[in-house]
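The analysis underlying the following values was restricted to heavy atoms, covering all of them including side chains, and did not include hydrogens, waters or symmetry mates. We count ligands from 1, going down the list as the structure has it; atoms in each ligand are counted the same way.
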Amino acid sequence: MNSIQFTFEEKDRETITVKAELGDSILETALKNGIEIHHNCGGVCACSTCHVYLDQGEDLVEEISDKEEDFIDRARSPKLTSRLSCQCEILKEGLLHVEVPDQTIIQGE
Ligand code: FES
């Protein structure tokens, strides 16, 4: 089975685990399940508002590109596990752990 466990930097938000479809991105999976992650550019790797920390499952998603790395550098508090959720297409079955940074300080969609 394929699933994503979302945890949240924002206080008062509980961990949630949802099913994920192969071929969907982490962002698409979140939005389908009512989990709001900003996506100001519409998911075309042209902003950094969909930034998340992929704490488990890096080998299950599409590899990071140079362009994605450039935008991650502009995100707030990037870490080694940082990814842009719109660019993480799920390619293999397994469990992903995703931490969503505080979305309340991001303007936009
Ligand atoms: Fe803009 Fe992901 S939504 S880079």
Check whether more than 12 heavy atoms from other residues, nucleotides or ligands sit under 6.0 Å from atom CD of E93, and answer yes or no.
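It does: E93 CD has more than 12 such atoms within range.
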Residue pairs passing the ring pair (Phe, Tyr, Trp, His ring centres under 6.0 Å) test where at least one lies in residues 48-70, sequence neighbours excluded: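 Applying ring pair (Phe, Tyr, Trp, His ring centres under 6.0 Å) to every pair that reaches into residues 48-70, excluding sequence neighbours, yields H51-Y53.
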Q | Rounded distance (nearest 0.5 Å) linking atom CG of D55 with atom CG of L80 | A |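 Output value for this atom pair is 11.0 Å.
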Output for pair (Q87 CD, K67 NZ), nearest 0.5 Å, gives 7.5 Å
Counting only protein N, O or S atoms and ignoring waters, those under 2.8 Å from atom 1 (Fe) of ligand 1 are C41 SG, C47 SG
Query raised in the report: Thinking salt bridges, do K32 and D24 make one under a 4.0 Å N-O criterion?
Result: yes
Could you tell me whether R83 and E62 make a salt bridge, using a distance below 4.0 angstrom between a side-chain N and a carboxylate O?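 Not counted as a salt bridge, because no side-chain N and carboxylate O are separated by less than 4.0 Å.
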